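Heads up, the thing below is written out as structure tokens.
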Protein chains: 2
Amino acid sequence: MDLDRHFVSGSIPLLVMKLLDEKDLYGYQMIEELRRRSDDTFHLRAGTLYPLLHSLEEKGWVTAYEREASAGKPRRYYHLTEQGRAAFREKETAWNAYARAVGQVLKGGACHAGA
Amino acid sequence: MDLDRHFVSGSIPLLVMKLLDEKDLYGYQMIEELRRRSDDTFHLRAGTLYPLLHSLEEKGWVTAYEREASAGKPRRYYHLTEQGRAAFREKETAWNAYARAVGQVLKGGACHAGA
DNA sequence: TGACATATATCGTTGATCTATATATAATGC
DNA sequence: GCATTATATATAGATCAACGATATATGTCA
């Protein structure tokens, strides 16, 4: 990724699965889409994405199919399975809990209001 | 850490430095404090914290001094230097940018409002 | 012809975090 | 008295996500 590479860990699958939750995409497209949606904050590397997609496929979270493009190499589209969608929801919830907790500490947790 | 260990990377130094930005603490205390402030979300491990503190010391971001406790082993307190405070502010800004970008993508970035 | 964008893919390295283990002291239980 | 647990610090080895580098093939543009 970029920015500060040390905030990244684990959130890349989350972001990629979010894109696939909306519609099928091919790899290169995900890189561009992620860059666009994050206002140029995320620069996902090909060397990071493709192995990730293969690992998602092994887990049964995505399936892949090839389709010819009007020009250039055929594109490999990825589709999020039902299992993948469930995994995504879980990851999303976990991220929200995590980000909230970090925010809470950074806010100056000295006083933490109960409920 | 815990929760989902794959959201953690890089945020531990941030959280630890946040605690030290308020006052000097010893290691064991940081573990307890972080757990408390995050409502039991963060379970920082001793094997993670102490090597981290040593690396912060090497960078000149913290200094350490020993002080006797009323009982038990003497405690090693850590103090955030001016340099450390500057580094913390930077990390905090980077985290906020990162978390915001993730949130933006998760919100359903199809339409991204300019400005 | 060479450079560049598109598009997918693999390999070796780095490095943050984890688990396991070690030390020492004080309090608690048997 | 002796074992266990909590306090407190510390190191070593393993894991694994992400990185950079590299390889491939095609199409476009100069």
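Here is how names work: the chains are called A, B, and so on, in the same order as the sequence lines, proteins then strands, and each is numbered from 1. This is a predicted model, so every value here is computed, not measured.
- For the OP1/OP2 pair of D:dG20 and a distance below 4.0 Å, the side-chain nitrogens and oxygens of A:R45 include at least one atom meeting the criterion.
- Rounded to an integer number of Å, the gap from A:E58 CD to D:dC16 P is 13 Å.
- At whole-Å resolution of the value, NE2 in B:H43 and C1' in C:dT17 are 16 Å apart.
- Computed from coordinates, the B:Y77 OH to D:dT9 C1' distance equals 14 Å when rounded to whole Å.
- Atom CD of A:E90 is surrounded by 12 or fewer heavy atoms from other residues, nucleotides or ligands within 6.0 Å.
- Here the side chain of A:S38 pairs no donor or acceptor atom with the backbone of B:A101 at under 3.5 angstrom.
- With salt bridges taken as basic N to acidic carboxylate O contacts below 4.0 Å, one links B:E33 and B:R36.
- Looking at A:Q104 and B:T41, their side chains never come closer than 4.5 Å, going by heavy atoms from C-beta outward.
- For B:L14 and C:dA16, the CG to P distance is 14 Å, given to the nearest whole Å.
- A distance of 10.0 Å separates CG of A:D21 from CG of B:L106, quoted to the nearest 0.5 Å.
- If you take CD of B:E68 and P of D:dT9, they are 12 Å apart, rounded to a whole angstrom.
- A salt bridge links B:E57 and B:R76; the closest N-O separation between the charged side-chain nitrogens and carboxylate oxygens is under 4.0 Å.
- Using a 4.0 Å heavy-atom distance criterion, B:I12 is classed as a sugar-phosphate-only contact.
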Filtered N/O pairs between nucleotides 9-12 of chain C and protein, under 3.5 Å:
unit_1, atom_1, unit_2, atom_2, d
C:dT10, OP2, A:H54, NE2, 3.3

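- B:Y26 has no side-chain polar atom (N or O) that falls below the 4.0 Å cut-off from OP1 or OP2 of D:dT9.
- C:dT19 atom P lies 15 Å from atom CG of B:L49, rounded to whole Å.
- For the pair B:I31 CD1 and C:dT17 P, the interatomic distance rounds to 14 Å; values are reported in whole Å.
- Every residue was checked against the side chain to side chain contact (heavy atoms under 4.5 Å, CB included) condition with A:A86, not counting sequence neighbours, and none meets it.
- Remark: P of C:dA16 and CG of B:L56 are 11 Å apart, rounded to the nearest angstrom.
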